[in-house]
Amino acid sequence: MNAKTPEITPELVAEHGLKPDEYQRILDLIGRTPSITELGIFSAMWNEHCSYKSSRIHLRGLHTKAPWVIQGPGENAGIISIGDGLAVVFKMESHNHPSYIEPYQGAATGVGGILRDVFTMGARPIAALNSLSFGDPSHPKTRSLVSGVVAGVGGYGNSFGVPTVGGSVRFDTRYDGNNLVNAMAVGLIDVTKIFYAKATGVGNPVVYLGSKTGRDGIHGATMASAEFGADAEEKRPTVQVGDPFAEKLLLEACLEIMANDCVIAIQDMGAAGLTCSAVEMGAKGDLGITLDIEKVPCRETGMTAYEMMLSESQERMLMVLKPEKEKEAEAIFRKWGLDFAIVGETTPTKRFLIRHHGEVMADLPIKELGDEAPLYNRPYEETPKQPVLPFTSVGAKGTLADALEKLLGSPNLCSKRWVWEQYDHLILGNTVQRPGGDSAVVRIEEGPKALAITTDVTPHYCEADPFEGGKQAVAEAYRNLIATGARPLAITDNLNFGNPERPEIMGQFVGCVRGISEACRVLDFPVVAGNVSLYNETNGRGILPTPTIGGVGLIDDVATAASIAFKAEGEAVLMIGE
Amino acid sequence: MKARVTVTLKPSILDPQGKAIEGALKSLGVGGIASVRQGKIFEIEVEGGDKAKAEAALKQAADKLLANTVIENYRVEIE
Amino acid sequence: MKARVTVTLKPSILDPQGKAIEGALKSLGVGGIASVRQGKIFEIEVEGGDKAKAEAALKQAADKLLANTVIENYRVEIE
Amino acid sequence: MKSAVVLFPGSNRERDAVRALRLVCGSEPKVVWHGDSELPSGTDLVVLPGGFSYGDYLRCGAIAARSPVMDAVRKHADAGGLVLGICNGFQILCESGLLPGVLMRNAQMRFQCRVVGLRVENSDTPFTRGYNAGQVIHIPVAHGEGNYEADAETLTRLEGDGRIAYRYCGPNGELEPKYNINGAIASIAGIVSEKHNVLGLMPHPENHVEEQMGSTDGRGLFAGMLEHVSRAA
Ligand SMILES: Nc1ncnc2c1ncn2[C@@H]1O[C@H](COP(=O)(O)OP(=O)(O)O)[C@@H](O)[C@H]1O
């Protein structure tokens, strides 16, 4: 196929994060040795991050349907109807490992990625949230991680122009070597103008949009799935740099071409950019995709097909365009100063064909790249049930006042003002309830409807009893929504765990997912989007199980929303519930 | 002693600032500029007269704070 | 041709960033730093081989855009 | 009143400005593209909105200040037309020389989003006549580089000519460092041009024009401009 292909050795296969049996699967599937570009494509498609190979089996059991759900898990983001012809698009995603290595850029590009997921579907982002977990405050790295991550989240969101309205921050020594950055974005969309990744029609142009491709983050996708070793900082994997300015232009240009009815299908380039986006568009549409890779706008000279297919440069999109709209779409992108290049076309072959100056670099069955990804039912050990302790056995240590003082002094309960004041939480002029309450409340356009939005999880509960902890996270999100007067509608999850190849970690994962599922079913509070981040582990020490829940609820009339502040002197204080 | 630490993005890393400046110079009609990359420069006054010691301190400063060596390179110069 | 434009704050202007870095270096235990001032450096690739022309273009770039001469000084160097 | 809101690449509070103008002044502003070299004819007020024009790369407002539309804005200002630069707009006005001084990094080195107290220094400008001199209003800030700096001579001139329109203050108008959100010289939040027809202001009055958003303290600024223009007409 390609004379320059390096020999595919077992070492090379291992470096691509593929296990020998996974490589065998590739050989069986294509009936020959893959080229290096093909190996790269498989490694990107079949890693944990893209294929969900350890988690997929368990996620199938989630409660995902309700009459108001327009799009459940499986697209860029979930969509729920809120009436009046409007829908809400939202999702949460992790950027944990990159934020540990380069806190500012890692967090920034995490926010950028989730915003793109939302506006790729045609929605204008109206709110962002984030859930952050850091190591012990006394750990030498914690301080700089906190300031870098918070500045990065703010730096991207503030510049892009979305209000960051809420979130959570926790500290625990178990995150010393693996902090968590979970970012959520919420957008508003007209139900008749939703865009999906599914390509249709043969011979339609495949268009590259946004910033140029560089060599950044080429091993990003694999990095996100490999356990950290002590030498992580030495390996210095390339971290992507975010350009919120380019993303803001991309948002405006995308919404403009969508409004002008130019788009058949669109997909953002996230992890393993061009590969994942092209495969997804083709596979979902039962079509092949051919790319002439030399047409991809590049930032650097001499990039190989392998590099272009695996680059994780930010602020890029792939689109299938209505052919008659080519000139119009291109003019819009040029006006916003963005790259626009026709890089390929849809074909009837169901093959993923990559050519570089005419030379075939990869020729793979497109559906199988996704569908035939390995699927593991990894062995798991249920977390042993803890005995229920009688009240009397927990002797009081000191007075009530001591206990209160201890609680108030805990970094986990301290005011988070230092964090959320670095986020523009007021831009767009709809933030009715600002950070500091139970849920954020964001008005829909000029009202009277509003959304309540929250992120919640209590990792210590999840560790003590994954099933109950999973339930509790969902219930807490539900409670935070109803506390503002909202009707809870749906959630996105973001499941952060340690190494799934360890049965006790897998046990935590399975338990939490069951708990989430149970609570969602009982509350009719479906999961419409989610993200899994595994291998959050350093030198064999895993993080606390942290299944973050992002909940969204609807308030019919924002004038009736409740907030946590006491309103006047002399009012009665009631406690309800058990 | 006067010293300078110059911090620049590694060549393969995206420089959005440089890109924006390049575009702006073009539209301002400043000709002949092929590319721009922006870096930082720290002008540092070091105490004492021991050059080797100063260099060590500056390297430490760069590694610990002034540069993130994941994405940036630095250069230390002492006058 | 490779060139560099270095932009620094005028000495009379307060540099909050430099001050913050000074403080941070102290608390990181990096010793012997008396003061820090932060500036910008632009690494510019100029087309063609005419040094005088390049210098004129770079001066123009600095005056028109790269430096705010109300608060900043600049220096042009061509390799 | 005919108003125009300029859209630069990276502007992001233009919708907030448009909404405030519509709600308070009762008419829909025109949105003008940065590449345009003329303003819509009959424009009374030009708003340079908040945001991160050109990503705030290089220096905040530096690249936007040099875009084609700014020549038209300068002409409009020279002819006595009203120009309101909010946040990034203020930075653009300083960079373009329409206002003196510069906006530096916040003294605490962090982006700050919160509601601050502002003392109205003088009620004789089109941008402050909606308030009483000495009145304290509450308006949000959201910026990382709003630390106003000017040399001693400029400052003396600004003070002497009554060109300091708003200062950061405490609940009773106190000018103490703890209320000076970004470390600005003389607690300056907003200044006007020599002819009092150009205002640069770091805080965002456009985000406090609706009861539902917690306060309507920002309305006076828009109402004042409207009154100024209707009287002139
Ligand atoms: N990372 C963050 N980003 C934005 N807002 C945050 C963040 N962390 C906490 N907040 C806000 O601070 C307030 C208090 O948070 P938290 O202490 O977690 O309260 P609770 O336990 O009541 O949810 C909430 O309004 C929350 O949205």
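Protein chains get the first letters and strands the later ones, always in sequence-line order, with residue 1 at the start of each.
- Between chain D and the residues A:G447, A:S159, A:A561, A:A246, the largest count of heavy-atom pairs under 4.5 Å involves A:S159.
- Put simply, of A:Q422, A:H425, A:K248, the one with the most heavy-atom pairs under 4.5 Å next to chain D is A:Q422.
- Residue D:Y57 touches chain A through its side chain alone, counting heavy-atom pairs closer than 4.5 Å.
- Of the possible donor and acceptor atoms, one in the side chain of D:H208 sits under 3.5 Å from a partner among the backbone N and O of D:H138.
- For D:H204, no part lies near chain A; criterion is any non-hydrogen pair under 4.5 Å.
- Within a 6.0 Å radius of CD in D:E38, no more than 12 heavy atoms belonging to other residues, nucleotides or ligands are found.
- Highest contact tally toward chain A, considering only D:L23, D:N207, D:N12, is held by D:N12 [criterion: heavy-atom pairs under 4.5 Å].
- Annotation for D:R15: atom CZ does not count as buried by contact number, only 12 or fewer foreign heavy atoms lying within 6.0 Å.
- Centroid-to-centroid, the aromatic rings of A:F245 and D:F52 stay 6.0 Å apart or farther.
- Contact of A:T431 with chain D is made through the backbone alone, with heavy-atom distances under 4.5 Å.
- For A:R334, the CZ atom is densely surrounded, since the number of other residues' heavy atoms within 6.0 Å is greater than 12.
- Remark: A:K335 qualifies as a cation-pi partner of D:W33 under the 6.0 Å distance and 45° angle criteria applied to the six-membered ring.
- Heavy-atom distances place no part of D:V18 under 4.5 Å from chain A, backbone and side chain included.
- Counting heavy-atom pairs closer than 4.5 Å to chain A, the top-ranked of the candidates D:G10, D:A20, D:P9 is D:P9.
- In this structure, the portion of D:E210 lying under 4.5 Å from any heavy atom of chain A is its side chain and not its backbone.
- If you tally non-hydrogen atom pairs under 4.5 Å between each of A:V150, A:N158, A:L428 and chain D, the highest count goes to A:N158.
- Not a single donor-acceptor pair under 3.5 Å links the side chain of D:R13 to the backbone N or O of D:G51.
- Remark: D:K30 NZ is loosely packed, at most 12 non-hydrogen atoms of other residues, nucleotides or ligands lying under 6.0 Å away.
- In this structure, chain D has heavy atoms under 4.5 Å from both the backbone and the side chain of A:L426.
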